[in-house]
Amino acid sequence: MCGIVGYAGERDCTEVLLNALSKLEYRGYDSAGIAVFEKNQISVEKSKGELKNLREKLENEHKPEGHCGIGHTRWATHGEPSDINSHPHGSKRVSIVHNGIIENYKDIKKFLISKGYTFESETDTETVAKLLDYYYNGDPIDAVVKTLADVRGAYALGILFKDYPDCIYSVRKDSPLIIGVGENENFIASDVPAILQYTRKYYLLEENEIATIKADRVEFCDIHKQQIVKEVQLSNLDMDAAEKGGYEHFMLKEIHEQPTAVKTTIAPRIVNGMPDLSECGLTAESLKNYRKLFIVACGTAMHAGVVGKYVIEKLARTEVTVDIASEFRYRDPIIEKDDLVIVISQSGETADTKAALHLAHDRGAKVLAIVNVKGSSIAREADMVLYTHAGPEISVASTKAFSVQMSVMYLLAFEMAYAKGFISEEECKRLTAELSNIPDLIEKTMECEDKCQYVASKLITAQSLLYIGRGLDYALSMEGSLKLKEISYIHSESYAAGELKHGTISLVEEGMPVIGVATQSDLMEKMVSNIVEVKSRGAFTITVCKEGTEFSEGVMDETIEVPALEDVLMPMLTVIPLQLIAYYTTVLKGLNVDKPRNLAKSVTVE
């Protein structure tokens, strides 16, 4: 959600900003802009729409020339997407880019209007820019400190002051921001991929630390203007991993990266054939003593949590509650000190999930974070962290992140079940060995790609469809439905198959596609009955099942088979055709697969 970049150095600042912003397009945005020091003035250029629109505007009208500036891709929150509402915002003396939401912007705006300020945009960001100008008395740090005392909400800010043409000021609270360190050049960015082409070194900016960035140095202080010494971090991200590598879209590339991502995530956590999560402080003793587990996440990560619930409860006989993060914090959950709260987030910056973490800490519970981004806010604040080593996920529709999140949940379930005495060491080793074989089986599952493309061709004219499943298959039907709707814009709902007759079956009409996920042996008979129910009412039935599954003639219009595996592990394979169906349906409709409308990769505001 929104992307911030900044540059101070000897290169063409405009080109650096545009290149860096292009690496943040995956975050989702609807406008873009830059502010560059040019001949001791702040030259601002911005445009509604894709980054290419801004580049064309610069080439056709005016391309600022300078060596210090800031840039932004905006995802609209206050005010519709437009040139005027695009960032940067400012005054003659100050220009800023902002990620987050200022909760009390109306009060600030009213105050500033009373002081003679006028406003051009509908954004909350412009109020911060004008407030900085109001407090500016020649000392930028002083203006930042006074402004922070007045604003309430989430923010990451990149700030230019006209009187300091070689300098960027930055500060953050509840929104991510890093400071890149190069040779005679330095950067700010919302995420590491933006600066990877220039440097792998960066500082993590903590909340309410103020950074002063120049070409030759970076300095930090707190809100009391006391100097802070920070440690340089080194990114291990592969630059090639942030590129398409010959694939037409990032989503397809990331689907095919799942075998490697899963292997990289689980292999280091298997020791002598047994799961070992001691790296983060989870031991057999601690796992044995947890009374109850809460899994809290949003979207795809929440679906991985549902898989985790089924597996943990089945194997470890421990109560698990799965909550949507935005609901968890407001339902006043009953959390006790001997409970474990597990928060799952690909970015590690998801605002609602981070708020759930804070609530858990307030209630005295330990928090385990499952995240993909090293040094992210959730990773830093949790008591324990398990990193999912998926590498950068650029497509807005999450695929490999889901698979690695599930794989971590399996390791947790196996170790907890063994620690509590519900499975033997032999059984634990057997399940862990099965999980270790998953990467090769995912490769084999990819052989269904052509069939998925064919099935997708049958869906492109659908107005609405249903995904149904039971048990673990229901968890996967939720994820399959989300994947389809978020990128193809086809209305899609997922239901527990047993709920069909309690109202939903009234939606089924002639030709309506219904995708059934049917891999659980003990539920197969009931699942087939549910598919027959919708088939008899005219549905076009598509079933994802294990290799060798036999159905009565005429029940299934199309079947997609995946390698047969133990029921409890089937979600690791079943998700592949569901992802591919969503991908090819979207491609065949001619839509933007990687950047669906209205969506952002990292949701850093509520």
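All values below come from the heavy atoms of this structure, side chains included, with hydrogens, waters and symmetry mates left out. Being a predicted model, the structure only gives us computed values, none of them experimental.
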Under-4.0 Å salt bridge between [X] and [Y]:
X	Y	value
Glu313	Arg317	no
Lys451	Glu558	yes
Arg430	Glu426	no
Arg331	Asp323	yes
Glu533	Arg537	no
Asp339	Lys292	no

Could you pull out the closest heavy-atom pair between [X] and [Y], with the gap in Å?
X	Y	answer
Ser477	Tyr467	O-CB, 3.6 Å
Thr549	Met524	CG2-CE, 4.2 Å
Ala316	Ala413	CB-O, 4.3 Å
Ala365	Ile335	CB-CG2, 3.5 Å
Ala462	Pro513	CB-CG, 3.8 Å
Leu368	Cys280	CD1-SG, 4.1 Å

[X] and [Y]: side-chain donor and acceptor closer than 3.5 Å?
X	Y	result
His256	Glu443	no
Glu427	Tyr418	no
Thr559	Thr543	no
Gln405	Gln346	no
Thr264	His389	no

Report, as yes or no, whether the 6.0 Å neighbourhood of atom [atom1] on [X] holds more than 12 heavy atoms from other residues, nucleotides or ligands.
X	atom1	answer
Ile324	CD1	no
Asn272	CG	no
Lys535	NZ	yes

Can a donor-acceptor pair be found, under 3.5 Å and without considering hydrogens, that links the side chain of [X] to the backbone of [Y]?
X	Y	result
Tyr410	Val568	yes
Gln520	Asp567	yes
Ser481	Met478	no
Asp557	Thr541	yes
Glu254	Ser398	no
Asp276	Val271	no
Lys589	Ser488	yes
Asp594	Met251	yes
Thr353	Glu349	no
Thr586	Tyr584	no

### Query
For the rings on Phe402 and His303, is their centre-to-centre separation under 6.0 Å?
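Centroid separation for Phe402 and His303: 6.0 Å or greater.
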
Rounded to the nearest 0.5 Å, what separation is found between the [atom1] atom of [X] and the [atom2] atom of [Y]?
X	Y	atom1	atom2	result
Asp473	Tyr310	CG	OH	9.5 Å
Lys444	Leu573	NZ	CG	10.0 Å
Ser407	Ile438	OG	CD1	9.5 Å
Lys309	Leu472	NZ	CG	11.5 Å
Ser403	Met406	OG	CE	4.5 Å
Leu315	Phe422	CG	CZ	10.5 Å

Is the closest side-chain heavy-atom distance between [X] and [Y] below 4.5 Å?
X	Y	answer
Ser436	Ile270	yes
Val385	Val371	yes
Ile344	Val296	no
Lys485	Glu493	yes
Val562	Ile576	no
Thr388	Leu386	no
Leu435	Val262	no
Leu578	Val544	yes

### Query
Is there a side chain to side chain contact (heavy atoms under 4.5 Å, CB included) between Glu449 and Leu252 once you walk through the steps?
CA-CA 11 Å; Glu449 192 163 351; Leu252 185 60; 3.6 Å; yes

#### Entry: Sole candidate of Thr300, Thr585, Thr399 that passes side chain to side chain donor-acceptor pair (under 3.5 Å) when paired with Lys483
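The side chain to side chain donor-acceptor pair (under 3.5 Å) with Lys483 is passed solely by Thr300 among Thr300, Thr585, Thr399.
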
### Query
Quick one: which of Gln579, Lys400, Lys263 gives a side chain to side chain donor-acceptor pair (under 3.5 Å) with Gln258?
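The option that passes is Gln579.
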
### Query
Per the side-chain contact (heavy atoms from CB on, under 4.5 Å) rule, which among Lys546, Met572, Met570 passes with Leu565?
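The side-chain contact (heavy atoms from CB on, under 4.5 Å) with Leu565 is passed solely by Met570 among Lys546, Met572, Met570.
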
### Query
Residues two or more places apart in sequence or in another chain: which of them pass ring-ring contact (aromatic ring centres under 6.0 Å, His included) with Tyr474?
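Tyr474 satisfies ring-ring contact (aromatic ring centres under 6.0 Å, His included) with no residue once adjacent residues are dropped.
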
### Message
Is there a side chain to side chain contact (heavy atoms under 4.5 Å, CB included) between Ile468 and Val514? Walk through the geometry before answering.
### Response
CA-CA 7 Å; Ile468 58 175; Val514 176; 4.0 Å; yes

### Task
Take Glu415 and Leu287 through the side chain to side chain contact (heavy atoms under 4.5 Å, CB included) test and state the conclusion after the steps.
CA-CA 8 Å; Glu415 187 166 8; Leu287 287 170; 3.6 Å; yes

### Message
Ile342 vs Leu412, test: side chain to side chain contact (heavy atoms under 4.5 Å, CB included). Steps then yes/no.
### Response
CA-CA 11 Å; Ile342 302 171; Leu412 178 62; 3.5 Å; yes

